[in-house]
There are 2 protein chains.
Amino acid sequence: MAKKDQMIEKCDCDVIHDDIVEQVKEKMPEEELLYDLAELFKVFGDSTRIKILWALDTAEMCVCDIAYLLNMTQSAISHQLRVLKQAKLVKNRREGKVIFYSLDDEHIKQIFELGLVHISEEE
Amino acid sequence: MAKKDQMIEKCDCDVIHDDIVEQVKEKMPEEELLYDLAELFKVFGDSTRIKILWALDTAEMCVCDIAYLLNMTQSAISHQLRVLKQAKLVKNRREGKVIFYSLDDEHIKQIFELGLVHISEEE
DNA sequence: AATATATATGAACAATTATTCAATTAATCA
DNA sequence: TGATTAATTGAATAATTGTTCATATATATT
C-alpha cells in the first residue's frame, strides 16, 4: 500500500527486452479491469466466504443455518454475506423473519473447481 | 481473525433446516482444502500480482522488465514474485545476472477469464 | 581484487480486514 | 402493545499485508 508515484527507469540488462515490454503492454487488459479482477479474487480469498459460497452452491440457506453450519456467530456471517452481496455473488429473499441467501452467479463453482485443480497438482 | 472457539446453537427458525445443513455438510469439501483454496485466491487478490501473472502469460520476463512495465520498484516486484513462486504460480531461471520468470500453471488464464466474465456480467 | 548490476531479503510502517460486542431494525405472535 | 427472534449495522480490536528503505547476495566485467 501507499505506493509512491515514482518513475521506474529501464534497466539495461538487455536492450532487446524493449520488444517484450511493448508486446506485453499491448496484450494486457486495461488497468481498471485488472483491478476489478483482483477485487473479485480478494472476495474469494477468505475461507469463511469460500465456505459460505460452497454451501450455497448446494442449497439456499438462511443466515442462522449458515452460522450453525460453520460454527460462527450470526454477526460474522452477516458481515461476510454483505461482502458477497456487494460483489454480486449472492442474492437474498426474505420470508417472514428469515432471510434466505443463494448464489447469484453461474461461474463460481467453475472458478473454484479450476482452483482445486491447481492445488491438487502441486507436487 | 482471532475467532473465538464458541459453540453456535441451532436457531429454531424452522426445524426443517436440519436436513439442509446435513445435506450441505456432506457435499462440502474438507475444511483444509477450502482453506487452501482461499489461500490461492488470496494470491490472485492483489492487482500487482494479477498484472504480473497477466504479463507473464504473454512472455517470459526478467524482474527489471516487469518493474519497468508496471512502474514499480524492483524490490516490490521481487517480493510479489516470491509470493507467486511459493504458490507455485510462477517459476524462474537464471541467465547470468538476470533472472527470468514465467508461468508455472496452465489454469491461471482460464481462472482469470472466468473472473472477467463475472465482472462483465454485473449490471 | 574492485566495481557495477540484477535480484533478493528483512525490518518498519501504513493500510486493510475479519471477528467480536453492543445496539438496532424488522417481522411474528402472544 | 410488549416480548421474542432473525438479521443487520457500527465501532473497536487484533491480525495481516503491500510497499519502502537499507542492506545483502550473486554474477559479470575491468
Quiz item: Is the backbone of B/Leu103 close enough, under 3.5 Å, to the side chain of B/Lys91 for a donor and an acceptor to pair up by distance?
Solution: yes

Quiz item: CD1 of A/Ile77 versus P of D/dT9: gap in Å, rounded?
Solution: 15 Å

Quiz item: If you check the A/Val63 side chain, which of D/dT8, C/dT20, C/dT19 turns out closest?
Solution: D/dT8

Exercise. Round to the nearest Å and state the distance from A/Arg93 atom CZ to C/dA26 atom C1'.
Key: 17 Å

Practice problem: In whole angstrom, give the distance that lies between atom CG of A/Asp46 and atom C1' of D/dA14. | Solution: 15 Å

Quiz item: Quick one: is C/dT19 close enough that its OP1 or OP2 comes under 4.0 Å of any side-chain N or O from A/Thr48?
Solution: yes

Quiz prompt | Length of the CG-C1' vector between A/Leu70 and C/dA18, whole Å | solution = 14 Å

Quiz item: What string of B, S and - do you get for nucleotides 24-30 of chain D, 5' to 3', if B is base contact, S is sugar-phosphate-only contact and - is no contact with any protein heavy atom under 4.0 Å?
Solution: --SBS--

Quiz item: Considering residues, nucleotides and ligands other than A/Gln86, do more than 12 of their heavy atoms fall under 6.0 Å from its CD?
Solution: yes

Quiz item: Between B/Asn92 (CG) and C/dA8 (C1'), how many Å, whole number?
Solution: 11 Å

Practice problem: Hey, could you give me the CG/CG distance between B/Leu53 and B/Asp46, rounded to the nearest 0.5 Å? | Solution: 10.0 Å

Quiz item: Among B/His118, B/Glu121, B/Glu113, which one satisfies side-chain hydrogen bond (donor to acceptor under 3.5 Å, both in side chains) with A/His107?
Solution: B/Glu121

Exercise. Hey, can you tell me if B/Phe41 and A/Phe112 have their rings parallel, tilted or perpendicular (30° and 60° cut-offs)?
Key: tilted

Exercise. For the side chain of B/Arg49, starting at C-beta, report the closest nucleotide among D/dT17, D/dG18, C/dA18.
Key: D/dG18

Quiz item: So, is A/Tyr101 near the phosphate of D/dA6, with a side-chain N or O under 4.0 Å from OP1 or OP2?
Solution: no

Self-check item: A/Met72 CE - D/dA6 P separation (whole Å)
Solution: 18 Å

Quiz item: Rounded to whole angstrom units, what separation is found between the NZ atom of B/Lys42 and the P atom of C/dT16?
Solution: 17 Å

Show the distances under 3.5 angstrom between N or O atoms of the protein and N or O atoms of nucleotides 9-13 of chain C.
unit_1	atom_1	unit_2	atom_2	d
C/dT9	O4	B/Ser75	OG	2.7
C/dG10	O6	B/His79	NE2	2.7

Quiz item: Rounded to whole angstrom units, what separation is found between the CD1 atom of B/Ile8 and the P atom of C/dC21?
Solution: 10 Å

